[in-house]
Amino acid sequence: MNTEQFALRHIGIREQDLEHMYQTIGVESLEQLINETIPEDIRLKNPLKLDAPISESDFLNHLQALSRKNKVFKSYIGMGYHESVTPSVIKRNILENPGWYTAYTPYQAEIAQGRLEALLNFQTVISDLTGMELANASLLDESTAAAEAMTMLFDLRSRDQKKRQVNKFFVSEAVLPQTLSLLQTRSKPLGIVLVIGDHADFDFDTEFFGALLQYPGKYGQVFDFSSFIQNARESDIKVAVAADILSLILLTPPGELGADVVVGTTQRMGIPLGYGGPHAAFFASREAYKRHIPGRIIGVTRDRDDQSALRMALQTREQHIKRDKATSNICTAQVLLAVMAGAYAVYHGPDGLRFIANEIHRKTRVLNDYLHAIGIEQANTAFFDTLKLRPESVADIKIRAEKQGINLNYIDEHWVSVSINEATTETDLSRLAACLSGSTEAVDLSAYKQVDEPIFPNGLSRSTSFLEHEVFNSYHSETELMRYLKKLERKDLALNHSMIALGSCTMKLNAATEMLPLSTPKWGNIHPFAPVEQAAGYHEVLRKLEEDLTTITGFAATSLQPNSGAQGEYSGLMTIRAYHESRGDHHRNICIIPASAHGTNPASAVMAGMKVVVTTTDKHGNIDMQDLEEKVLANSDNLAALMVTYPSTHGVFESSIRKITQLIHDHGGQVYMDGANMNAQVGLTHPAAIGADVCHLNLHKTFAIPHGGGGPGVGPICVASQLAPFLPGHPLVETGGEKAITAISAAPWGSPLACLISYGYIKMLGEKGLSQATRIAILNTNYIKNRLEGKYQILYTGEQGRAAHEMIIDCRPFKQYGIEVTDIAKRLMDYGFHAPTVSFPVAGTMMIEPTESESLAELDRFCDAMLAIQEEIEQCEGEDANNILKNAPHTLGMVTADDWPYTYSRQEAAFPLPYVSENKFWPSVRRVDDAYGDRNLICSCIPIEAYAEAE
């Protein structure tokens with residue numbers, strides 16, 4: 001074996017396995033299988049023009065060399081991003097731990113109690129610090145969260161406001177510029193009118209439905225918003241506040257001021273800057289709005305034994321599930337980063353957080369008093385960590401700062417702002433003071449350390465306690481936190497235990513070599529608004545990744561800005577919208593979407609200001625051509641786009657795809673291809689070959705970024721030449737097309753730190769490795785298909801009986817035995833497997849996607865488990881609910897209890913096949929009761945006695 005070939009480490013199937021797999025499938029070669037799976041007219045005629053693959057060691061050396069091109073200055077830019085200190089115990093035990101970063105979104109609660117608890121901790125931190133009743137389990141970034149707040153408040157308008165078509169939204173001029181840009185993007189398609197101004201001059205006109213304030217303001221001023229919020233409430237205007245999370249340790253929480261929504265970022269809580277992301281944003285609101293809140297919420301419930309358990313609360317409330325009735329398309333969040341931020345709060349506790357916030361504020365006051373003493377004007381009358389300065393010469397300061405490796409926020413030719421952060425040492429502060437004053441030596445600031453005057457307006461100093469729950473007051477030594485994190489990790493089934501064959505999710509290997517650079521300061525400590533020449537290494541990576549993705553998709557250009565798949569969908573549709581408008585076709589607003597599409601598709605279309613027309617699928621799972629033609633003809637004059645997933649959500653390469661895309665083009669529309677299933681295309685076909693105009697890619701699926709338990713994700717868009725001019729821009733850093741739409745994400749390149757992973761994936765696999773990975777993904781799926789056929793009905797196949805990279809089994813026939821698809825999902829846990837995708841895209845089914853990373857032995861273990869479960873089903877009787885599937889999963893507590901009131905043995909329950917005993921995974925709770933949790937909604941850490949009160 002050539003140990004320098006990364007493909008042999010990434011792809012699980014060995015050369016000696018192939019003959020057995022071919023025989024099982026009924027083909028003579030891998031090429032025959034591909035020919036019978038992918039239509040000939042869309043196959044690529046030539047290999048992709050990508051660099052030759054490099055070894056893992058060469059890649060690490062290459063990336064280290066690139067990192068040296070980055071210049072890590074001390075950044076005091078602020079503007080929503082601040083250097084923080086990641087505790088090593090969190091970096092090693094979460095960020096660098098596959099037990100955390102390879103887990104999936106916790107839909108299967110019984111095998112996800114660890115990260116569910118970690119997310120409950122995060123929600124508690126946010127609820128406590130913001131003073132709000134309810135917080136979700138993270139959003140993508142602060143600006144996205146603010147935009148989500150605006151659209152939620154728009155949806156929450158009173159009946160009278162909707163009748164009067166009230167559509168104005170006030171935005172304080174102190175709001176971050178990247179947030180304003182994103183609000184502009186989101187507001188236009190929905191008909192929301194933004195009014196930007198000084199909150200002190202706002203007249204509370206009844207034509208406004210909402211307002212957004214920044215606390216503290218973008219240049220550091222702390223405003224007292226209490227009277228504004230009170231006046232707004234009297235005028236039926238709801239108020240969202242974008243808040244700095246660390247400042248709320250010292251400042252009165254917005255919730256106590258009467259805010260309806262509080263948003264922000266937890267990047268300051270131990271998360272690397274990463275040139276802009278990924279970071280976990282937060283969204284907190286009132287419980288009255290719980291069914292309108294975007295994203296996911298973790299809540300407390302009970303299991304079968306009446307023990308406390310956690311699960312995603314109000315799962316049917318997830319906005320994208322409402323499809324074209326949704327107010328948000330949010331699906332992926334930033335779970336891994338939220339887990340880290342929550343652990344940061346657990347590790348430091350309330351006293352540690354107070355110390356950090358007080359030190360930041362103290363150092364800011366010291367600097368302020370020194371600058372005042374030497375005559376430099378400072379504009380902020382109240383501040384937490386940021387000073388707005390008017391020196392004699394901003395130009396001179398900029399020259400000095402650059403020479404000394406310091407970044408400041410240069411507002412204009414007269415003003416500069418300086419933001420102090422957790423990583424600012426006393427030495428840093430002295431050097432910063434010298435830079436600002438023009439001193440040639442570090443300034444002695446000892447005389448300014450004892451200042452103790454009031455610094456906040458009356459009533460704005462925090463008086464309420466926070467984080468009083470035991471979890472935030474118990475794990476303050478490294479030993480204790482290490483063991484606590486390990487205890488949580490052991491409750492979760494991730495890829496480091498077994499295959500997670502989730503259809504449409506592509507849970508492939510996240511190689512250690514791809515992940516290692518994320519812990520490097522040369523990549524982690526660069527501010528997103530630093531001068532681009534300081535990030536030369538980053539830009540080499542980002543440019544090359546854009547070029548490679550453009551080549552892989554066959555398109556003309558790529559934007560990396562969208563920081564999730566759903567945001568990629570939205571971005572693609574917004575470029576289509578801009579393209580039509582540039583041609584004077586403002587009326588083109590119809591988006592045709594197959595009924596089988598993921599819920600984010602129609603949700604994204606509605607957000608982009610389009611009207612959704614649904615086209616049906618035929619009995620084979622393909623788009624119904626007759627119905628599509630009728631819909632296209634009926635909407636020809638106004639047709640904007642078709643959204644299509646390819647291969648289809650049903651796991652089939654539709655042979656009529658080029659006919660479908662040509663039909664759309666013939667009637668003036670553009671074709672958006674959802675890239676969720678790109679793992680079946682890379683190197684063998686591509687979106688341009690099928691006739692698409694734009695696609696998004698899930699880098700957290702096809703290109704190896706880990707799912708992290710529900711994020712981070714990266715969703716770049718790749719576009720044809722006519723759409724390239726409209727790729728998204730940014731208000732602070734030049735990027736995007738020549739006619740760029742406004743921003744999609746807070747940072748210019750979305751989540752650059754995570755992009756290092758996909759860059760490495762492509763760099764180490766090269767064209768041959770990438771195309772072989774695609775072939776093996778298809779091979780593995782068809783192997784499972786043939787092994788399960790006869791015992792499970794395969795719902796859809798291609799014209800020659802083949803599946804693509806995923807397949808759907810129909811579990812509805814088992815209802816005759818009283819068994820539902822959920823019972824099979826729970827029973828798989830006893831066999832050591834996470835269930836495939838349940839009831840999507842067809843209710844009562846499972847969608848299986850093994851990926852290319854799994855070995856033949858693991859595929860066989862999964863098939864053996866599924867076949868054994870099918871035999872168990874046949875032993876069940878519809879009227880008897882006390883059977884081995886209905887009681888699944890079986891916990892250690894059940895199996896070791898003195899009482900065993902079941903007709904099957906303990907061994908059958910817990911060790912149904914020999915392999916299980918070699919590597920047993922125990923679910924930590926029995927089957928959870930979702931309905932109980934929704935009736936008694938508890939979404940933060942509270943004293944245990946409160947659970948009883950909830951009943």
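Starting from 1, each residue takes its place in the sequence as its number.
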Can you give me the closest heavy-atom contact between [X] and [Y], atom names plus distance?
{"X": "Ala910", "Y": "Val895", "value": "CB-CG2, 3.8 Å"}
{"X": "Ala804", "Y": "Phe653", "value": "CB-CE1, 3.6 Å"}
{"X": "Ala338", "Y": "Leu119", "value": "CB-CD2, 3.9 Å"}
{"X": "Arg827", "Y": "Pro912", "value": "NH2-CB, 3.6 Å"}
{"X": "Ala280", "Y": "Ser138", "value": "CB-CB, 4.1 Å"}
{"X": "Leu502", "Y": "Ala835", "value": "CD2-O, 3.5 Å"}

Under 4.5 Å between any side-chain heavy atoms of [X] and [Y], yes or no?
{"X": "Ile94", "Y": "Leu336", "value": "yes"}
{"X": "Val335", "Y": "Arg296", "value": "no"}
{"X": "Glu849", "Y": "Pro836", "value": "no"}
{"X": "Pro841", "Y": "Ile808", "value": "yes"}
{"X": "Asp674", "Y": "Tyr646", "value": "no"}
{"X": "His834", "Y": "Ile111", "value": "yes"}
{"X": "Phe122", "Y": "Ile298", "value": "no"}
{"X": "Asn883", "Y": "Lys886", "value": "yes"}

Where the side chain of [X] meets the backbone of [Y], is there a donor-acceptor pair that is under 3.5 Å apart?
{"X": "Tyr792", "Y": "Met866", "value": "yes"}
{"X": "Asp492", "Y": "Gln113", "value": "yes"}
{"X": "His620", "Y": "Asn622", "value": "no"}
{"X": "Thr837", "Y": "Met846", "value": "no"}
{"X": "Ser474", "Y": "Val471", "value": "no"}
{"X": "Asp830", "Y": "His890", "value": "yes"}
{"X": "Thr645", "Y": "Ser648", "value": "no"}
{"X": "Glu858", "Y": "Met499", "value": "yes"}
{"X": "Thr845", "Y": "Asp810", "value": "no"}
{"X": "Ser127", "Y": "Thr124", "value": "no"}

- Between Asp618, Thr616, Thr617, which is the residue that forms a side chain to side chain contact (heavy atoms under 4.5 Å, CB included) with Asp627?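 Of the listed residues Asp618, Thr616, Thr617, the side chain to side chain contact (heavy atoms under 4.5 Å, CB included) partner of Asp627 is Thr616.
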Rounded to the nearest 0.5 Å, what's the gap from [atom1] on [X] to [atom2] on [Y]? Could you check?
{"X": "Met21", "Y": "Asp860", "atom1": "CE", "atom2": "CG", "result": "8.0 Å"}
{"X": "Met829", "Y": "Leu493", "atom1": "CE", "atom2": "CG", "result": "9.0 Å"}
{"X": "Met132", "Y": "Tyr289", "atom1": "CE", "atom2": "OH", "result": "8.0 Å"}
{"X": "Lys785", "Y": "Arg802", "atom1": "NZ", "atom2": "CZ", "result": "6.0 Å"}
{"X": "Met312", "Y": "Gln108", "atom1": "CE", "atom2": "CD", "result": "9.5 Å"}
{"X": "Asp305", "Y": "Gln307", "atom1": "CG", "atom2": "CD", "result": "6.5 Å"}

For atom [atom1] of [X], is the number of surrounding heavy atoms from other residues, nucleotides or ligands below 6.0 Å larger than 12?
{"X": "Arg483", "atom1": "CZ", "answer": "no"}
{"X": "Lys815", "atom1": "NZ", "answer": "no"}
{"X": "Glu874", "atom1": "CD", "answer": "yes"}
{"X": "Glu789", "atom1": "CD", "answer": "yes"}
{"X": "Gln793", "atom1": "CD", "answer": "yes"}

Taking the ring centre of each residue, are [X] and [Y] less than 6.0 Å apart?
{"X": "Tyr107", "Y": "Phe840", "value": "no"}
{"X": "Phe833", "Y": "His497", "value": "no"}
{"X": "His20", "Y": "Tyr783", "value": "yes"}

- Message: Using salt bridge (Lys or Arg N to Asp or Glu O under 4.0 Å), reason through Asp864 and Arg787 one step at a time and then give a plain yes or no.
- Response: CA-CA 9 Å; Asp864 291 345; Arg787 278 213 61 192; 2.9 Å; yes
Is it the case that the side chains of [Y] and [X] hold a donor-acceptor pair, with the cut-off being a distance below 3.5 Å and no angle test?
{"X": "Asn780", "Y": "Glu854", "answer": "no"}
{"X": "Tyr484", "Y": "Glu117", "answer": "yes"}
{"X": "Glu806", "Y": "Asn677", "answer": "yes"}
{"X": "Arg115", "Y": "Tyr104", "answer": "no"}
{"X": "Glu569", "Y": "Thr600", "answer": "yes"}
{"X": "Asn679", "Y": "Thr506", "answer": "no"}

- Query: Only one of Arg927, Lys826, Arg304 forms a salt bridge (Lys or Arg N to Asp or Glu O under 4.0 Å) with Glu110, so which one is it?
  - Reply: Lys826
- Task: Walk me through it: do Asp930 and Thr301 pass the test side-chain contact (heavy atoms from CB on, under 4.5 Å)?
- Result: CA-CA 7 Å; Asp930 290 322; Thr301 188; 5.5 Å; no
- Message: If the test is ring pair (Phe, Tyr, Trp, His ring centres under 6.0 Å), which one of Phe921, Tyr904, Trp922 qualifies with Phe911?
- Response: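 It is Trp922, the one option of Phe921, Tyr904, Trp922 that forms the ring pair (Phe, Tyr, Trp, His ring centres under 6.0 Å) with Phe911.
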- Task: Output, in order, the C-alpha distance, side-chain angles, deciding distance and verdict of side chain to side chain donor-acceptor pair (under 3.5 Å) for Glu871 and Gln875.
- Result: CA-CA 7 Å; Glu871 291 180 4; Gln875 303 303 312; over 6 Å; no
- Step-by-step side-chain contact (heavy atoms from CB on, under 4.5 Å) determination, Glu133 to Ser285: CA-CA 6 Å; Glu133 296 169 331; Ser285 191; over 6 Å; no
- Message: Using side chain to side chain donor-acceptor pair (under 3.5 Å), reason through Gln123 and Asn136 one step at a time and then give a plain yes or no.
- Response: CA-CA 6 Å; Gln123 291 177 182; Asn136 75 4; over 6 Å; no
- Asn510 and Ile705: CA distance, side-chain angles, deciding distance, side-chain contact (heavy atoms from CB on, under 4.5 Å) verdict: CA-CA 6 Å; Asn510 316 119; Ile705 290 177; 6.0 Å; no
- Start with the C-alpha gap between Thr781 and Ile848, add the side-chain angles, then the distance that decides, and say whether side-chain contact (heavy atoms from CB on, under 4.5 Å) holds. CA-CA 8 Å; Thr781 300; Ile848 302 169; over 6 Å; no
